[in-house]
Amino acid sequence: MDKFGYMEKYGFEQLCFFQDKSTGLKAITAIHNTVLGPALGGSRFWAYADEEEAVEDALRLARGMTYKSALAGLPLGGGKSVIIGDPNVLRKDPIKREAFWRAFGRYLEGLNGRYITAEDVGTTTQDMVFVNMETNNVVGLPGRSGDPSPYTALGVFKSIIACVLHVYGSEDLTGKVVAVQGLGNVGYHLCKNLHGAGAKLIVTDINQESIDRVVNEFGATAVAPDDIYSVEADIYAPCALGATINDQTIPKLKVKIVCGGANNVLKDPAVHGKALQDRGIVYAVDYLANAGGVINVSYESHELGYSEEAVLRDIDRIKWRMYDILNIAKETGKLTYQIADELAEQRIEAVRNIKSIYTGKKQ
Ligand code: NAD
């Protein structure tokens, strides 16, 4: 990979490598964009096949965070760290574990606030507690903003309301049928919200306990994992895996709306976004629909401190932003994800211009 070429093409600011011989830490931080504020993004600990794969993951995920925070209206940029290794091996060695994460924290402290980290795949809240012993540039700590999943689910719920308003002309979910795929942290809370609003649920998961819980608590009807795409429903809500909107599933869909919590729902955004549009199915941009969690955690680094009231206000804005995007798509014929990307880029460009008139934020 031509790293400078890639960084130039996609507007990356910085790519940092860090190693600590005594703990075996090997970390890479990609800072995509800090125009709107410090780059926020989790630290992913993964047994990457090689360095190249790790760099590509860091770059791809960091850029995604820029768009997510920009569209959600947050004063934050996009970044991501990846750590190469096996988290299970480290967890078996508590002494080394503390040193490992503190070494990572010291390295982040050296980035001087340009990047704020959080928990991600392969890392835990306890790991972040060790990171916090060396730097304040970490969010998602115990006793602060808490589990992001209910907030992510609330953002998805608000997005579904925006889609229903757009398609049916009313926000009323009574009797609307929602097919929910994945009943984990996000899916469960989404079902709770939908049930409370009078929607009917058709659900699936690969875990029987998760299915039993929503069947018992919310009167949901369970179907086999592969059948979720073809059920008679108004909305398909993917809350398990990415890329479930693809060549195989699109012809099966009977819904009018696709809106869920999963990341990268469209296997190929240009191809499958267009295929949904051609079938008259409304697609709620995933990175806006599932921004509730990042909104919640971001308030830990807010200068006025964490405020659930502010978080809920920002999550409510997801609804209206989604509604605007759907209306622009209808008027222009553009795909919803293209409009979302453009709005995010426009916000960054507007703020980039005002930044040139002063040297930085006053303390
Ligand atoms: P989770 O692991 O708690 O839940 C995922 C659920 O999907 C599990 O119950 C799992 O059994 C089920 N599942 C896996 N494969 C399946 C399949 N083939 N068919 C049906 N069910 C299947 O994860 P989560 O935190 O609820 O996140 C769900 C999705 O939302 C993920 O794609 C995640 O990246 C995304 N997301 C989550 C958050 C958050 O705050 N948790 C924020 C943004 C995006």
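Computed from a predicted model, the values in this text were never measured in an experiment. All ligand and atom numbering here is 1-based and tracks the order in the structure.
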Report the nearest protein non-hydrogen atom to [atom]: residue, atom name, distance rounded to 0.1 Å.
atom: atom 4 (O) of ligand 1; answer: Gly184 CA, 3.3 Å
atom: atom 37 (C) of ligand 1; answer: Val186 CG2, 3.7 Å
atom: atom 14 (C) of ligand 1; answer: Ile206 CD1, 3.6 Å
atom: atom 10 (C) of ligand 1; answer: Asp205 OD1, 3.4 Å
atom: atom 34 (O) of ligand 1; answer: Asn263 ND2, 3.2 Å

Restricting to non-hydrogen atoms, name the atom on Thr117 and the atom on Leu108 that form the minimum distance, rounded to 0.1 Å.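 Scanning both residues completely, I find the closest heavy atoms to be CG2-CD1, 3.5 Å.
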
Quick check: does [X] get an N/O under 3.5 Å from an N/O on ligand 1?
X: Thr204; value: no
X: Ser149; value: yes
X: Thr152; value: yes
X: Leu241; value: no

Between Ile83 and Phe100, is there a side-chain heavy-atom distance shorter than 4.5 Å?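 The answer is yes; the side chains approach within 4.5 Å.
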
Taking C-beta and beyond as the side chain, do Val311 and Ile315 meet within less than 4.5 Å on heavy atoms?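 Counting from C-beta outward, Val311 and Ile315 do come under 4.5 Å.
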
Determine, for [X] against [Y], whether the closest basic-nitrogen to carboxylate-oxygen distance falls under 4.0 angstrom.
X: Asp57; Y: Arg60; result: yes
X: Glu171; Y: Lys158; result: no
X: Arg317; Y: Asp314; result: yes

Which ligand 1 atoms, with their elements, are less than 4.0 angstrom from a heavy-atom of Gly261?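 Result: 30 (O), 35 (C), 36 (N), 44 (C).
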
Evaluating non-hydrogen atoms only, which member of [options] is closest to [atom]?
atom: atom 7 (O) of ligand 1; options: Ala240, Ala291, Ala224, Ala289; answer: Ala240
atom: atom 28 (C) of ligand 1; options: Gly292, Cys239, Gly187, Gly242; answer: Cys239
atom: atom 3 (O) of ligand 1; options: Asn185, Val294, Thr244; answer: Asn185

Arg106 vs Glu109, salt bridge (Lys or Arg N to Asp or Glu O under 4.0 Å): CA-CA, chis, key distance, verdict: CA-CA 5 Å; Arg106 280 188 195 187; Glu109 182 64 10; over 6 Å; no

Would you say Gly293 touches ligand 1, if touching means a heavy atom closer than 4.0 Å?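 Not so, Gly293 does not reach ligand 1.
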
Going by distance alone, is a donor N or O of one side chain under 3.5 Å from an acceptor N or O of the other, for Thr124 and Arg97?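 Side chains of Thr124 and Arg97: pair found under 3.5 Å.
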
Say whether Asp120 and Thr123, considering side chains only, have a donor N or O and an acceptor N or O under 3.5 Å apart.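 No, no side-chain donor-acceptor pair sits under 3.5 Å.
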
Using a 4.0 Å heavy-atom cut-off, which part of Asn290 comes near ligand 1: side chain, backbone, both, or neither?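 Under 4.0 Å from ligand 1, Asn290 contributes backbone and side-chain atoms.
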
Do protein heavy atoms approach atom 32 (O) of ligand 1 to less than 4.0 Å?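 Yes, there is one.
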
Tell me whether the NZ or CZ atom of Lys176 lies within the 45° cone about the ring axis of Tyr168 and under 6.0 Å from its centre.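 Yes; both conditions hold, so Lys176 lies above the ring face of Tyr168.
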
